[in-house]
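Worksheet: the structure to be examined is printed underneath.
Throughout, a chain's letter reflects where its sequence line sits, starting with A, and its residues are numbered from 1. Not measured: the values here are computed from a predicted model.
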Number of protein chains: 2
Amino acid sequence: MRVTSGIRNRTRQAIVDAAITLLAGNPACSLGEIAAAAEVGRTTLHRYFAERADLMAAVAVEGGERLTRAARLAELDKGTGAEALLRLCREYFDLGSLLSLVFSEPEGACLDEGEQTDLEAVIRRGHADGSIDPVLPPDWVISLLWSQLYAAWSYLGERPGASRHHVLDLLTRTVANAVRGPGAI
Amino acid sequence: MRVTSGIRNRTRQAIVDAAITLLAGNPACSLGEIAAAAEVGRTTLHRYFAERADLMAAVAVEGGERLTRAARLAELDKGTGAEALLRLCREYFDLGSLLSLVFSEPEGACLDEGEQTDLEAVIRRGHADGSIDPVLPPDWVISLLWSQLYAAWSYLGERPGASRHHVLDLLTRTVANAVRGPGAI
DNA sequence: CTGTAGTGGAACACAGGTGTTCCATCGCGG
DNA sequence: CCGCGATGGAACACCTGTGTTCCACTACAG
């Protein structure tokens with residue numbers, strides 16, 4: 001048997017993508033707006049996601065997958081802890097509007113349990129190799145990373161003049177300094 | 001003539017305070033919830049604020065005053081730019097749940113126009129005296145400050161074990177490092 | 001005691017989002 | 001051509017929040 005007809009998958013994906021984009025700007029946006037953004041009738045949206053909660057669940061799954069993909073691209077096991085953290089920072093930054101969505105969550109419910117601990121392990125590696133200030137607890141560094149990612153993303157959105165590359169440069173610079181601690185040159 | 005009877009002011013203030021606390025946790029919370037939190041009937045709330053927008057305006061004014069008061073306490077004209085920025089950071093941190101509220105704004109609509117430019121002047125002073133990395137634009141430093149304040153506040157809220165003092169210490173340390181730049185020891 | 005300020009509750013109409021049903025349309029393969 | 005999958009629109013009932021009105025209660029000053 002064929003897997004569900006292909007066109008269904010495309011429509012479904014369009015709805016989820018639109019939902020991520022709109023929910024990032026307004027977590028309370030209506031299903032009608034999402035349907036319109038996905039260029040789909042509200043009826044069709046309900047055909048794919050019976051209740052609002054079903055769509056939210058699909059958005060969470062999609063978001064989780066994108067985060068996982070970004071973390072894989074960052075090759076967290078390479079280099080010093082701080083280097084790995086900055087690579088992850090760059091990959092996450094590419095996730096765009098998803099950042100707003102993750103950041104507005106109850107904080108921590110966003111990452112898969114496994115990735116959270118993986119990331120903490122990276123930071124502890126940074127503590128050990130001297131690239132991350134040992135005084136900073138891993139979960140503090142993580143919340144610092146997320147808040148700066150969100151700040152960078154909204155900074156970019158509010159200043160039409162700023163280039164993506166320039167903002168990414170500011171972001172990595174400040175994160176690197178914040179994490180490095182007072183000792184290094 | 002006596003100014004409006006005193007009890008009115010108390011009730012009004014209770015409503016605004018409750019609104020700030022609840023809106024920080026849920027920007028879309030209902031007037032009924034706010035009235036309940038203020039231990040006031042919904043009818044009474046409408047007696048003070050005819051429309052939702054009126055309450056929001058009062059919240060904005062109250063928030064603006066608290067921010068102004070905090071900025072005054074920080075004595076921004078003393079010391080190096082970075083020192084002034086860190087004092088402001090400490091004062092703002094004491095504002096508590098108001099931080100979430102300010103941070104969820106369209107960013108920048110929160111501060112009075114004057115304070116925004118005052119703060120930018122402080123940062124430029126930091127550029128000049130070498131205490132703040134001149135590569136970082138003033139508005140970037142400001143958004144960095146707010147995002148870290150928000151992160152610190154929610155970090156404190158989610159970890160019942162963490163002491164306010166300890167979190168404030170982490171906050172000032174990371175902000176100081178992020179802003180100082182790569183050159184200093 | 002009486003009037004008044006402040007309040008709370010019940011009830012109402014209204015608006016908007018939600019979830020559902022029903023029907024019409026379009027494209028495509030048999 | 002016919003049927004089927006996919007869609008869109010209209011209409012509906014429902015729920016929640018909002019803004020308003022009306023009435024009853026309490027505290028307190030004159």
Side-chain angles (χ1 to χ4, degrees), chain A residues 1-63 97 100-101 104-106 109, chain B residues 1-63 97 100-101 104-106 109:
Chain A
M1 65 177 185
R2 256 205 328 265
V3 280
T4 42
S5 80
I7 190 156
R8 284 194 63 86
N9 287 328
R10 270 195 298 114
T11 304
R12 195 193 131 99
Q13 194 59 40
I15 294 172
V16 173
D17 288 348
I20 289 180
T21 304
L22 290 213
L23 288 172
N26 171 22
C29 81
S30 75
L31 298 184
E33 295 176 84
I34 295 176
E39 294 177 303
V40 159
R42 195 168 65 90
T43 309
T44 302
L45 188 150
H46 273 101
R47 218 167 261 131
Y48 285 82
F49 306 98
E51 298 189 0
R52 182 178 238 273
D54 297 328
L55 175 56
M56 297 309 176
V59 165
V61 169
E62 173 70 19
S97 59
S100 315
L101 209 54
S104 60
E105 296 283 324
Chain B
M1 66 179 185
R2 255 206 325 268
V3 280
T4 43
S5 80
I7 189 158
R8 283 193 65 85
N9 288 327
R10 272 195 298 113
T11 305
R12 196 193 129 98
Q13 195 58 40
I15 293 172
V16 173
D17 288 348
I20 289 179
T21 304
L22 290 214
L23 288 172
N26 171 23
C29 82
S30 75
L31 298 183
E33 294 176 84
I34 295 176
E39 292 176 306
V40 158
R42 193 168 67 90
T43 308
T44 300
L45 188 149
H46 272 101
R47 218 167 263 130
Y48 285 81
F49 306 98
E51 298 188 359
R52 182 178 237 273
D54 297 328
L55 176 56
M56 296 309 175
V59 165
V61 169
E62 172 71 18
S97 59
S100 315
L101 209 52
S104 60
E105 296 282 326

Residues B:Thr21 and B:Ser97: closest non-hydrogen pair is CA-OG, 4.0 Å
- Query: Any side-chain donor-acceptor pair under 3.5 Å between A:Asp17 and A:Gln13?
  - Reply: yes
query: Distance check: side-chain N/O of A:Thr11 vs OP1/OP2 of D:dT7, anything under 4.0 Å?
result: yes
- [ ] Please state whether the phosphate of D:dG8, meaning OP1 or OP2, lies under 4.0 angstrom from any side-chain nitrogen or oxygen of A:Thr44.
- [x] yes
> How far apart are the C-alpha atoms of B:Val59 and B:Leu55, what are their side-chain angles, what is the distance that settles it, and do they pass the side chain to side chain contact (heavy atoms under 4.5 Å, CB included) test?
Replying inline: CA-CA 6 Å; B:Val59 165; B:Leu55 176 56; 4.3 Å; yes
note: A:Arg42, atom CZ; C:dG19, atom C1'; distance rounded to Å ~ 7 Å
Residues in residues 45-53 of chain B with a heavy atom under 4.0 Å of DNA chain D, by number, are B:His46, B:Ala50, B:Glu51, B:Arg52
Whole-Å distance, B:Leu55 CG to D:dT18 P, equals 10 Å
Open item on the list: Can you say whether a donor on the side chain of A:Thr43 sits under 3.5 Å from an acceptor on the base of D:dG8, or the other way round?
Closed with: no
Ordered by number, residues from residues 25-40 of chain B within less than 4.0 Å of DNA chain C (heavy atoms) are B:Glu39, B:Val40
Quiz item: Passes side chain to side chain contact (heavy atoms under 4.5 Å, CB included), A:Phe49 versus A:Met56? Steps please.
Solution: CA-CA 9 Å; A:Phe49 306 98; A:Met56 297 309 176; over 6 Å; no
Between B:Cys29 and B:Leu22, the two heavy atoms sitting closest are SG-CB, 3.8 Å
Heavy-atom nearest pair, A:Leu101 first then A:Ala24, reads CD1-N, 3.8 Å
OG of B:Ser100 to CD1 of B:Ile20, rounded to nearest 0.5 Å, is 11.5 Å
Quick note, side-chain hydrogen bond (donor to acceptor under 3.5 Å, both in side chains) partners involving residues 33-59 of chain B, not counting sequence neighbours, are B:Ser30-B:Glu33
